[in-house]
Structure formats: C-alpha cells, structure tokens
Amino acid sequence: SGVPLLLREMLDNLIDNAIKYTLPGGVVTVRVLATPAPVVEIEDEGMGIAPEDRPRIFERFYRALDTDAEGSGLGLAIVREIADLHRIEIAVLDNPAGHGTLIRLIFAAAPRADQ
C-alpha cells in the first residue's frame, strides 16, 4: 500500500534515468519479483554509476562527473524521499550483464492477515 501518485513518480524517475543513460540500441529492463518482500528492479545498459558516486547520487543537485545528460539533479533525491516515505530500501548495483546499473527497490513486506 502507498500513495499511487508518488510511487508512479518514483518509478518514472528511475525508468527515465535508465533510458537517458543507455546508449541508442541499448536495453532497459524493468522487472517485478514476487518475493515475501516485493522487489522491483530497473536495469540498464548505460555507463553505470561508479562505486564512489553511489553514496551521493540521492543528494539534491548532485551530478556525477562525466555526465552530460540534461537534468536538474533532483530526480534521484525525489526517488529517495518517496522511498523513505514508503519504507522502500534502495540498492544501487552493477548490472550483472557487465555494464550499466541495476536499481533494486525492496518494499517492506506486507503484514500477514493473521497478525
């Protein structure tokens, strides 16, 4: 459960970033994993995010060096605020295919009906 408008905004920002940083002809994959705690993954074949930049990418106005894509630097800060509001854990990982980024959203497990 959550605020649909905010959850949509969070996913739109993440998918837009994945598309923006993937070269023409590259692939962006969005998947939902049906696990006890639901997981959404957004995977791109872009330039990737350097490990040293990962702790800062959710800061307002932060832009990694060598990034020439347009934007204000607020998108991921908005993602973090929405995730925090909904108790969603965010992991920023390397794309297992070898290049690009995998963003994993881990939603808090819903309480069982018998609790």
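- Between the side chain of H86 and the backbone N or O of V3, at least one donor-acceptor pair lies under 3.5 Å.
- Hydrophobic clustering, defined by side-chain heavy atoms of Ile, Leu, Val, Met, Phe, Trp and Tyr closer than 4.5 Å, groups L33 together with V39, I106.
- With rounding to the nearest 0.5 Å, the separation of CD1 in I19 from CG in N17 is 9.5 Å.
- The hydrophobic cluster around L93 extends to L102, counting ILVMFWY residues whose side-chain heavy atoms fall within less than 4.5 Å of a member.
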Exercise for the section: Just do the side-chain contact (heavy atoms from CB on, under 4.5 Å) check on L14 and V40 with the steps written out, would you? Expected result: CA-CA 11 Å; L14 290 170; V40 174; over 6 Å; no

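- Distance CG/D12 to CG/L6: 11.5 Å, rounded to 0.5 Å.
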Practice task
Could you walk me through whether T101 and N95 pass the side-chain contact (heavy atoms from CB on, under 4.5 Å) test, one step at a time?
Solution key: CA-CA 5 Å; T101 303; N95 181 333; 5.9 Å; no

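- The structure places CE of M10 at 9.5 Å from CD1 of I15, a figure rounded to the nearest 0.5 Å.
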Can you give each donor-acceptor pair under 3.5 Å made by side-chain atoms of residues 78-85, sequence neighbours left out, with the distance rounded to 0.1 Å?
residue, atom, partner, partner atom, Å
E81, OE2, R60, NH2, 3.0

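- For residues 39-50, the salt bridge (Lys or Arg N to Asp or Glu O under 4.0 Å) pairs, not counting sequence neighbours, are R31-E41, R31-E43, E41-R104.
- Rounding to the nearest 0.5 Å gives a distance of 9.5 Å between OG1 of T22 and NE2 of H99.
- For residues 85-102, the set of pairs meeting the salt bridge (Lys or Arg N to Asp or Glu O under 4.0 Å) definition, not counting sequence neighbours, comprises R54-D94.
- Contact of the I49 side chain with the V92 side chain is registered, since non-hydrogen atoms from C-beta on lie closer than 4.5 Å.
- Taking CG of D16 as the reference point, atom CD1 of I42 lies at 12.0 Å (rounded to 0.5 Å).
- Within the 4.5 Å cutoff, the side chain of L105 has heavy atoms near those of the L11 side chain.
- Cluster annotation: V27 is not connected to V32 through the hydrophobic network of ILVMFWY side chains, with a link wherever side-chain heavy atoms come within less than 4.5 Å.
- The two residues P38 and A108 have their closest heavy-atom pair at CD-O, 4.3 Å.
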